[in-house]
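Input: a single structure, listed below in structure tokens.
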Amino acid sequence: MTREPTDRISVMVHAEGVALALDVARPGSPPKRYRLPRRDHDAWLDLHAAIAADFGARAPLNRRPAALPPPAARLEPVLTEAVSPDILYGFGDPCVLHVPEEGAWYLVATSNDAPQSFPILKSSDLKRWELASFAFPQGGKPGWCLEGLGRADFWAPEIHRVGGGYWLVFSARQADGELAIGLATSARPEGPYRAQAAPLLTGGVIDPHLHVAPDGTPLLFWKVDDNGVWPRRLAALLGERPELAGELFDNPEDRRTAALAAALWPWLEANAPPMEQFFALQPLIEAAAEDLAGFEARLSGEAGLEIAETLRTRVYAQALSPDGAALVGARHLVLQNDQPWEAHLIEGVWVSEAQGRWFLFYAGNDFSTPQYGIGAAVADGPLGPYRKLAAPLLGSSTEWVGPGHPSVAPGPDGRPRLFLHAFFPGRLGYKAFRAVLSADLTFEGDAVRLG
């Protein structure tokens with residue numbers, strides 16, 4: 001049954017230097033002005049919370065009180081503060097590599113739009129770390145990558161030993177803003193790294209993971225970033241057909257949220273980079289993701305089905321040529337979001353062999369909320385099919401919030417350890433500091449647990 005929207009909402013956006021002023025109004029009522037002092041994640045979250053209070057829209061999860069459970073697993077701090085002023089945002093998406101002949105561990109992490117990309121740290125004991133280098137120092141980024149504060153996104157690097165050298169895989173934006181995956185090589189884990197002249201893979205792809213199969217074939221895993229596509233399509237569709245807010249959302253606050261997103265979209269499409277579009281559409285995303293299956297079922301018509309096709313975040317894998325220059329052979333779909341706790345996305349995968357089985361660790365849900373967590377799946381081969389564990393492996397707690405993007409490496413005792421990032425409680429958001437934590441892994445048949 002079609003419902004009439006509870007409210008029509010209009011938004012006028014005015015530039016005030018680096019800040020914005022937004023006039024938000026219902027038909028027949030004078031507008032209320034809100035100011036966005038900065039165009040970052042925190043500022044948008046505060047704006048959404050204020051508009052929600054005044055207009056009865058959905059408040060973002062990041063700004064709602066969360067009743068967090070006590071820690072369910074012992075997580076050991078690995079890095080809880082920056083070791084250099086050149087590391088601006090902490091250590092998101094950490095990859096840890098053990099180099100036994102050096103008696104050392106190397107860690108590489110996301111750098112977002114920092115002038116120097118991908119800090120590489122070194123430790124002899126997983127406790128004391130020093131900055132060894134940056135994969136791409138200032139002025140040394142690959143030519144195909146978009147640069148600049150507020151524009152660039154250098155994400156999810158991994159370093160692996162392949163043959164006699166080291167391969168670095170990473171995500172970055174091309175000049176047109178589309179996400180792509182690149183590869184660089186070096187004779188040493190700390191570099192210097194030489195990047196290939198062009199992306200290895202394009203088309204809105206992120207979170208590359210490299211796994212060497214038993215026969216020596218390097219396999220590349222990656223996520224197709226459709227969770228960044230459908231919110232834009234949805235906001236545009238709601239602007240064209242406002243009555244759909246009543247068909248797609250049962251809750252009045254979500255219908256108001258849909259109307260607000262539709263009113264914002266024309267300005268966002270013309271003026272905001274991709275990450276800011278996510279900040280501005282986050283309450284709309286959360287409204288749809290709260291009951292993703294129900295939302296998907298309510299989508300109809302050609303435009304709705306186009307949105308429905310992108311609601312599942314898919315992880316693929318494909319072999320690489322021995323020199324890493326090209327993808328070869330068949331492409332395999334290995335995982336997608338289909339569990340309620342994952343909501344609208346999975347990402348940040350890592351494949352590890354143990355006891356003749358392959359375990360795929362991954363993150364699910366929204367990285368900037370307490371709903372983010374780590375899941376696991378098991379298969380008889382690196383390409384699957386993978387069977388997910390019945391429950392998440394790790395979630396938020398009163399100690400650490402938003403655990404995600406796992407990697408696996410042996411600890412000092414030789415046991416496999418899971419490494420991950422997490423936020424300090426109350427300090428979640430894009431570019432907020434993320435610490436690195438670790439926990440022992442125990443494999444038991446088709447099961448895995450922490451500790």
Side-chain angles (χ1 to χ4, degrees), residues 93 95 155-163 167-171 178-183 196 198-230 292 296 308-339 342-364 374-390 393 404-408 443 446-448:
D93 311 329
C95 167
W155 292 339
E158 289 188 2
I159 295 173
H160 295 270
R161 187 163 195 165
V162 182
W167 290 11
L168 169 83
V169 289
F170 63 95
S171 312
E178 186 175 65
L179 287 161
I181 288 171
L183 187 146
Q196 295 174 349
L200 181 64
L201 187 64
T202 62
V205 291
I206 66 169
D207 289 359
H209 168 59
L210 193 64
H211 178 77
V212 180
D215 65 359
T217 301
L219 302 173
L220 183 71
F221 293 72
W222 70 90
K223 164 195 169 185
V224 177
D225 199 45
D226 280 342
N227 58 279
V229 173
W230 67 260
L292 193 69
E296 185 176 15
E309 288 176 357
T310 57
L311 288 177
R312 301 296 166 185
T313 306
R314 296 168 176 87
V315 174
Y316 291 91
Q318 191 170 351
L320 282 167
S321 60
D323 61 358
L327 291 159
V328 296
R331 184 167 297 183
H332 301 264
L333 173 64
V334 295
L335 210 69
Q336 65 181 13
N337 56 315
D338 55 16
Q339 304 295 310
E342 299 162 351
H344 58 298
L345 68 91
I346 57 170
E347 59 189 8
V349 306
W350 183 281
V351 174
S352 185
E353 183 185 2
Q355 302 174 0
R357 293 174 175 83
W358 278 259
F359 290 83
L360 188 152
F361 300 92
Y362 66 97
I374 293 174
V378 63
D380 297 324
L383 295 174
Y386 281 93
R387 306 174 295 277
K388 291 182 181 177
L389 272 62
L393 189 65
H405 210 111
S407 63
V408 178
F443 297 94
D446 283 355
V448 59

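These numbers come from the heavy atoms of this one structure, side chains and all, not from hydrogens, waters or symmetry mates. Please read these numbers as outputs of a predicted model, since none were measured by experiment.
In this structure, Ile206 CD1 and Leu201 CG are separated by 12.0 Å, a value rounded to the nearest 0.5 Å. To the nearest 0.5 angstrom, Leu345 atom CG is 8.5 Å from Asp225 atom CG. Here Leu311 contributes atom CG and Thr313 contributes atom OG1; the two are 8.5 Å apart, rounded to the nearest 0.5 Å. The structure places CG of Leu183 at 7.5 Å from CG of Leu168, a figure rounded to the nearest 0.5 Å.
Proximity of Trp358 to Pro214: side-chain heavy atoms (C-beta onward) are separated by under 4.5 Å at one or more points. Trp222 places none of its side-chain heavy atoms less than 4.5 Å from the side chain of Val169.
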Chi angles and distances behind the side-chain contact (heavy atoms from CB on, under 4.5 Å) call for Val224, Gln336
CA-CA 10 Å; Val224 177; Gln336 65 181 13; over 6 Å; no

Show your working on side-chain contact (heavy atoms from CB on, under 4.5 Å) between Leu219 and Val212 and close with a plain yes or no.
CA-CA 6 Å; Leu219 302 173; Val212 180; over 6 Å; no

As a quick check of understanding, evaluate side-chain contact (heavy atoms from CB on, under 4.5 Å) for Arg387 and Asp446, giving each step before the final call.
CA-CA 9 Å; Arg387 306 174 295 277; Asp446 283 355; 3.5 Å; yes

Take Glu342 and Leu292, measure what side-chain contact (heavy atoms from CB on, under 4.5 Å) needs, and give me the verdict at the end.
CA-CA 10 Å; Glu342 299 162 351; Leu292 193 69; over 6 Å; no

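Listed by first then second residue, pairs satisfying side-chain hydrogen bond (donor to acceptor under 3.5 Å, both in side chains) with a partner in residues 317-329 read Gln318-Arg331, Ser321-Asp323, not counting sequence neighbours.
Nearest heavy-atom pair, Gly384 versus Ala379, reported as atom, atom and distance to 0.1 Å: CA-CB, 3.7 Å. His160 approaches Leu210 most closely through the heavy-atom pair CE1-O, 3.1 Å. Between Ala156 and Asp93, the closest heavy-atom pair is N-OD2, 3.5 Å. The two residues Cys95 and Glu158 have their closest heavy-atom pair at SG-CA, 3.8 Å. Of all non-hydrogen atoms in Tyr386 and Val334, the two that sit nearest each other are CD1-O, 3.9 Å. The two residues Leu327 and Leu200 come nearest to each other via the heavy atoms CD1-O, 4.3 Å.
Here the side chain of Thr202 pairs no donor or acceptor atom with the backbone of Ala180 at under 3.5 angstrom. Here the side chain of Arg312 pairs a donor or acceptor atom with the backbone of Asn337 at under 3.5 angstrom.
Residues forming a ring-ring contact (aromatic ring centres under 6.0 Å, His included) with Phe361 (at least two apart in sequence, or on another chain): none.
Ring-plane geometry between Phe443 and Phe359 is classed as tilted, the angle between the planes lying from 30 to 60 degrees on a 0 to 90 degree scale.
Taking the six-membered ring where the residue is Trp, the centroids of His209 and His405 are separated by 6.0 Å or more.
Side-chain contact annotation: His344 with Trp230, donor-acceptor N/O pair under 3.5 Å absent.
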Extract all donor-acceptor atom pairs below 3.5 Å that involve side chains of residues 346-353 and protein atoms in other chains or at least two apart in sequence.
unit_1 : atom_1 : unit_2 : atom_2 : d
Glu347 : OE1    : Lys223 : NZ     : 2.8
Glu347 : OE2    : Tyr372 : OH     : 2.7

